[in-house]
Amino acid sequence: MDFTLVGVVESKEVRFPLAEGTHLVGRSDDAAFKLAHSNVSRNHAEIVVMGAKVTVRDLGSHNGTQINGVKVGDAVPLYLGDQLELANLSFKVEGPIPASPSLSNTDATVVPKVEISWDEVRQERGQKKDLQSLLFRVLADAGDLLTIQRGPEEMFEPILDLVETALLNPERILILLLEDGQDDPVQAASRIQGHQGTGDLALSKTMTQQVLQEKKSFLTSDALNDPGYGGMMSMISQGIRSAIAVPLFDNEDVIGILYADDSRPNRTFIRDQLAAFTLLANIIAVAFTHARYHEMEQEKLRQDAQMATAGEILDHILQPVLPPLEGYDILACLEPCFEVGGDLYDAQQMSDGRYAFLIGDVVGKGLGAALLVSHILSWTRFMIDEGWEPAALVTRLNKQIFCCTDYVRFATFYLGYLTPSTGRITYVNAGHNLPIMVRSDGSIEECVPTGLPVGMMEDSTYKTGEITLEAGDLFALFSDGIPETQRLDDEEYGEDNFKALLVQERQGNLKELFEILQGELKEFRGEAEIGDDVTLVTLRRPLSVRPNH
């Protein structure tokens with residue numbers, strides 16, 4: 001097998017030879033074809049190569065796998081020339097470049113009867129004045145809608161120009177588009193001549209249903225005198241003599257209606273115009289849908305860039321290594337679910353010798369959560385530097401968050417002050433997961449809540465609690481991403497499993513403890529995606545003094 005997947009990721013060409021065997025594709029470190037891109041799932045897809053046969057299977061990814069635009073579920077064959085899409089990354093199946101066939105002259109001479117250049121095709125309207133040539137030119141010009149990149153709003157004027165030319169300056173042209181969740185199309189653009197207006201426009205329901213539901217084009221000539229259109233009284237009441245309406249069909253869906261009418265005597269549309277108008281509407285719909293997709297893709301790229309920037313900022317705000325404390329082992333680790341999450345942690349030595357440490361979890365993800373994380377860390381660092389005690393600090397933090405966010409923004413928060421000489425921790429637990437104290441003998445204690453999450457109610461007050469970290473004890477603060485890790489059957493990892501792990505590893509290396517936890521959570525999830533940030537802050541008072549980790 002000499003096939004290779006070839007694509008572009010982050011402006012760089014990526015090539016992955018399809019060697020014999022089974023290949024995992026995704027963000028996971030275990031992936032043979034690793035794609036460190038936010039839209040790609042950790043275990044996204046599986047490619048199996050057996051001799052000349054290649055198959056692709058989606059592994060329940062968030063953003064899907066497609067071959068030539070068709071969604072992949074179970075194993076589907078992959079052939080030379082196919083386009084494989086993993087989320088929004090596209091890869092082509094390429095093989096060895098075959099030798100080009102040679103061209104040789106023969107004694108026979110081929111003489112064309114007719115030769116015509118593209119420019120001549122485009123200029124033909126100026127040489128011929130009949131309606132057929134005019135319509136041909138309009139359809140040729142419509143090709144520009146597909147080749148010139150514009151935003152959806154920028155397409156309306158060129159579309160109206162084409163319709164005006166094709167129908168010989170009708171009095172009224174309307175572009176009607178279906179919006180999400182609506183049954184009736186909404187006017188997106190118009191061009192009006194003479195006394196006609198749009199304020200009193202009432203489209204015939206008969207015509208609208210015919211165009212939208214049956215994908216049929218509609219033409220009436222001299223509706224005022226045609227008894228066959230008696231059901232279209234809305235048109236007759238407006239004095240419309242001729243009307244034409246066709247579906248904006250993008251080869252998959254009808255996205256709206258292209259409509260024109262005229263009330264002037266002796267101005268009627270004919271069948272040739274209807275046929276050309278229908279083809280024109282198809283080109284317009286395809287171009288408009290492409291423009292929408294391009295706009296969405298550009299917006300997605302813009303948002304991805306913003307998220308990446310926010311992630312980089314958070315990486316600098318969150319300390320990768322907490323300040324050391326003599327006589328204690330301290331470690332903080334965070335595995336984000338997305339580029340930007342809502343978990344936070346921090347620690348700093350106070351001027352009076354106490355050691356302040358905290359953990360929190362902002363509701364939500366994305367830029368809003370990242371901004372709130374930044375604010376919380378800034379406010380707490382300032383107040384800790386100023387010597388605020390835990391209860392007063394969290395009360396002030398709660399009011400600050402409440403006043404600067406909407407009602408759905410709040411955060412669970414735990415703040416502790418450790419006195420190194422005694423191991424006593426004075427804390428406020430504002431609705432956060434109960435930290436776990438694993439005693440040297442393997443028994444467990446928890447820090448009870450002392451108040452509501454910060455930012456939930458303006459006038460919340462907070463009490464303090466106390467717990468003592470004795471020699472040989474391990475104190476673990478964590479986010480809900482650990483116990484709430486889920487499998488595909490929605491079963492959760494749970495705090496019991498987490499506590500058992502802490503008891504088992506309480507005297508081991510703290511970094512290895514987090515690595516063991518990550519492995520255990522990954523094994524528990526199986527094929528399920530990681531659903532939330534995983535954060536662990538650990539403090540341990542060794543039985544004998546050892547170097548900090």
remark   = Between Arg409 and Val363 the two heavy atoms that sit nearest each other are NH1-O, 3.1 Å
ask   = Do Asp489 and Arg487 meet the salt-bridge criterion of a basic N to acidic O distance under 4.0 Å?
value = yes
message = Tell me every residue that passes ring pair (Phe, Tyr, Trp, His ring centres under 6.0 Å) with Tyr414, counting only those two or more places apart in sequence or in another chain.
response = Tyr427
query = Is Glu445 salt-bridged to Arg439, cutoff N-O under 4.0 Å?
reply = yes
Any donor-acceptor pair under 3.5 Å from Asp253 side chain to Ile255 backbone = no
task = Could you tell me whether a side-chain N or O of Asn429 sits under 3.5 Å from a main-chain N or O of Leu434, the two making a donor and an acceptor?
result = no
ask   = Going by the angle between their ring planes, with limits at 30° and 60°, are Phe33 and Phe91 parallel, tilted or perpendicular?
value = perpendicular
request  = Indicate whether the side chain of Ser90 and that of Gln83 have a donor and an acceptor atom separated by less than 3.5 Å.
outcome  = yes
message = Could you check whether any side-chain N or O of Arg27 sits under 3.5 Å from a backbone N or O of Val40, counting only pairs where one atom can act as donor and the other as acceptor?
response = yes
ask   = Taking all non-hydrogen atoms of both residues, which atom of Phe410 and which atom of Pro453 are closest, and how far apart?
value = CD1-CB, 3.7 Å
message = Pairing donors with acceptors under 3.5 angstrom, does anything connect the side chains of Asp343 and Ser479?
response = yes
inquiry  = Please give me the minimum heavy-atom distance between Ala188 and Phe156, naming the atom from each residue.
reply    = CB-CZ, 3.7 Å
ask   = Nearest heavy-atom pair of Arg15 and Thr4: which atoms, and what distance?
value = CB-CG2, 4.0 Å
ask   = Donor-acceptor pair, Thr412 side chain versus Gly360 backbone, under 3.5 Å?
value = no
task = Examine the side chains of Glu520 and Tyr493 and answer whether a donor and an acceptor come within less than 3.5 Å of each other.
result = yes
task = Could you tell me which non-hydrogen atom of Gly455 sits nearest to which non-hydrogen atom of Ile401, and how far apart they are?
result = CA-CG2, 3.7 Å
query = Between Glu446 and Lys499, is there a salt bridge with N-O shorter than 4.0 Å?
reply = yes
query = Is any side-chain N of the basic residue among Asp82 and Lys92 closer than 4.0 Å to the acidic one's carboxylate O?
reply = no
key: Side-chain donor-acceptor pair present, Asn63, Asn88, cut-off under 3.5 Å   = no
inquiry  = What I want to check is whether the side chains of Asp346 and Gln319 have a donor and an acceptor closer together than 3.5 Å.
reply    = yes
key: Arg540 with Asp473: basic N within carboxylate O range, under 4.0 Å   = no
